[in-house]
Amino acid sequence: MTSEPIRFTDGAGYDRFMGVWSRLAGKEFLDWIAPNEGQRWLDVGCGNGAFTQLVAEQNKPLALVGIDPSEAQLAYARQHPLLQCVDFVNADAMALPFPDEAFDLAVMPLVIFFVPEPVQGVAEMARVVAPGGTVAAYAWDMEGGGFPYQSVNETMGAVGRAIPMPPSVSSSRIEALSDLWVTAGLGDIYTRVITVERTYTDFDDLWNTVLGGPSAGQALEAMSEEERTRFRELLQARLQPSGSGSISLTGRAHAIRGTVPSL
């Protein structure tokens, strides 16, 4: 079954569904790339500003720009009190509207598998970062079961429904990321795995979170009430066999960083 493209139209719903996960993995990612204070940052695919908020809070950037193709997500980000100093721009990751060497760092948090041509996306990040600067990203291990809601996707398949999927899932493999960074001419390339866990107070907490997600939420909207009830029962039996108590999920991301070579 062919699924529709994922639509990102609900900043608040996305924050509950994925923003929390992005910040959990993002904290480890930022510690790993160890940026200096007072630098010029570009957050590529900033969405509702979940990761952008971490940068603003922890890294004291000289300038911070976030780009995303979803105006609804950007509108949500612009309302956040901690992001009033951020310049949010509606733009395409494959055609960044900035001059060469305009930034010291370009980061792509949980986005590369959404870029139709990842080679072009990484090349653009490398282009806009000054020599000696950092180009980095982290992405769920989509093919290796690292997506936090993998169990939701698998249960959806069990009832014959397709979850909308990103266009470039294979780019999340560590080998694929390394190839992309090499192709972009970046040096000092390092990779690592980031594993994080999130606990939901009960099944209703998880269910309401999934309903607000841009992927599973779309699939659930397309179901009849009977189908939705059956899906909910199957998912709860899988994740909460006892019928009560908290539920913990795990996400595994692949991270990569590289340096723009000096001329």
Side-chain angles (χ1 to χ4, degrees), residues 4-30 40-61 63-98 103 105-116 121 125 136-140 147-149 152 163-167 196 198 200-201 204-222 249 251 253:
E4 296 181 10
I6 299 173
R7 300 186 301 272
F8 296 92
T9 57
D10 180 359
Y14 181 83
D15 195 66
R16 182 172 179 178
F17 180 75
M18 190 54 65
V20 175
W21 284 105
S22 182
R23 287 187 286 272
L24 285 171
K27 288 178 181 177
E28 290 198 34
F29 174 75
L30 284 173
R40 301 167 298 167
W41 286 73
L42 175 64
D43 183 356
V44 180
C46 63
N48 71 343
F51 177 82
T52 324
Q53 181 182 336
L54 284 180
V55 176
E57 289 174 336
Q58 297 183 19
N59 299 106
K60 299 180 180 179
L64 179 53
V65 177
I67 73 112
D68 200 87
S70 169
E71 189 55 48
Q73 292 275 63
L74 292 174
Y76 180 89
R78 291 185 183 109
Q79 295 172 4
H80 198 290
L82 293 175
L83 300 178
Q84 297 305 302
C85 63
V86 180
D87 183 13
F88 288 109
V89 180
N90 189 310
D92 185 341
M94 297 185 296
L96 297 174
F98 309 109
F103 301 94
L105 298 97
V107 292
M108 189 180 272
L110 302 180
V111 167
I112 197 158
F113 35 61
F114 288 111
V115 180
M125 286 198 292
Y138 62 100
W140 299 125
F147 182 56
Y149 298 106
V152 176
I163 283 273
M165 294 297 290
V196 290
R198 176 179 174 187
Y200 301 82
T201 55
D204 283 342
D205 182 20
L206 173 63
W207 179 253
N208 290 327
T209 299
V210 170
L211 286 176
S215 50
Q218 284 178 223
L220 288 167
E221 282 180 14
L249 298 181

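What's counted below: heavy atoms across the whole structure, side chains too, no hydrogens, waters or symmetry copies.
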Visitor: Report yes if some heavy atom in the side chain of Leu96 is under 4.5 Å from a heavy atom in the side chain of Leu42; otherwise report no.
Guide: yes
Visitor: If I compare all heavy atoms of Gly49 with all of Leu83, which pair ends up nearest, and what's the gap?
Guide: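 Looking at all heavy atoms of both residues, the shortest contact is O-CD1, 3.8 Å.
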Visitor: Just verifying a value: how many Å separate Asn59 CG and Leu64 CG, rounded to the nearest 0.5 Å?
Guide: 9.5 Å
Visitor: Is there a side-chain contact between Pro109 and Thr52 (heavy atoms, below 4.5 Å)?
Guide: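 Heavy-atom side-chain distance check fails, nothing below 4.5 Å.
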Visitor: What's the separation between atom CZ in Phe88 and atom CG in Asp43, rounded to the nearest 0.5 Å?
Guide: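 If we round to the nearest 0.5 Å, Phe88:CZ and Asp43:CG are 7.5 Å apart.
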Visitor: List for me each residue that meets side chain to side chain contact (heavy atoms under 4.5 Å, CB included) alongside Lys27, sequence neighbours excluded, and say none if there are none.
Guide: Leu54, Gln58
Visitor: Who are the side-chain hydrogen bond (donor to acceptor under 3.5 Å, both in side chains) partners of Trp21, not counting sequence neighbours?
Guide: Tyr149, Tyr200
Visitor: Can you tell me how far apart CG (Asp204) and CG (Leu211) are? Round to the nearest 0.5 Å.
Guide: 10.0 Å
Visitor: Is any side-chain heavy atom of Asn48 closer than 4.5 Å to one of Gln73?
Guide: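 Touching, per the 4.5 Å side-chain cut-off.
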Visitor: Is it the case that the side chain of Asp68 and the backbone of Ser70 share a donor-acceptor pair, with hydrogens and angles ignored and the cut-off at 3.5 Å?
Guide: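 Yes, because the side chain of Asp68 sits within donor-acceptor range (under 3.5 Å) of the backbone of Ser70.
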Visitor: So, taking the atom named CG in Asp205 and the one named CZ in Arg16, what distance separates them when rounded to the nearest 0.5 Å?
Guide: 5.0 Å
Visitor: Look up atom CZ in Phe17 and atom CG in Leu206, then write down how far apart they are to the nearest 0.5 Å.
Guide: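 Here the rounded value is 9.5 Å.
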Visitor: To the nearest 0.5 Å, how far apart are CZ in Phe29 and OG in Ser22?
Guide: 10.0 Å
Visitor: Under the side-chain hydrogen bond (donor to acceptor under 3.5 Å, both in side chains) rule, collect the residues that match up with Asn90, sequence neighbours excluded.
Guide: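 With neighbours one apart ignored, the set is Glu71.
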Visitor: Would you call Tyr138 and Val107 a side-chain contact if the rule is heavy atoms closer than 4.5 Å?
Guide: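 Heavy-atom side-chain distance check fails, nothing below 4.5 Å.
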Visitor: Mind checking whether Val86 and Trp41 have side chains closer than 4.5 Å, heavy atoms only?
Guide: no
Visitor: Using a 4.5 Å cut-off on heavy atoms from C-beta on, say whether the side chain of Phe113 contacts that of Phe147.
Guide: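 No, every pair of side-chain atoms sits at 4.5 Å or beyond.
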Visitor: Could you pull out all residues at least two apart from Gln79 that satisfy side-chain hydrogen bond (donor to acceptor under 3.5 Å, both in side chains)?
Guide: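 By the side-chain hydrogen bond (donor to acceptor under 3.5 Å, both in side chains) rule, Gln79 matches no residue at all.
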Visitor: Does any part of the side chain of Glu57, heavy atoms only, come nearer than 4.5 Å to the side chain of Leu82, both counted from C-beta?
Guide: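 Touching, per the 4.5 Å side-chain cut-off.
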Visitor: Only counting residues at least two apart or in another chain, list the ones meeting ring-ring contact (aromatic ring centres under 6.0 Å, His included) with Phe98.
Guide: Phe103
Visitor: Tell me every residue that passes side-chain hydrogen bond (donor to acceptor under 3.5 Å, both in side chains) with Glu28, counting only those two or more places apart in sequence or in another chain.
Guide: Arg192
Visitor: Please report the C-alpha distance between Cys46 and Leu74 in whole Å, then the side-chain angles of each, then the deciding distance to 0.1 Å, and finally whether the side chain to side chain contact (heavy atoms under 4.5 Å, CB included) criterion is met.
Guide: CA-CA 8 Å; Cys46 63; Leu74 292 174; 3.6 Å; yes
Visitor: What I'd like to find out is whether the side chain of Val55 reaches to under 4.5 Å of the side chain of Leu105, using heavy atoms alone.
Guide: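 Side-chain contact under 4.5 Å: no.
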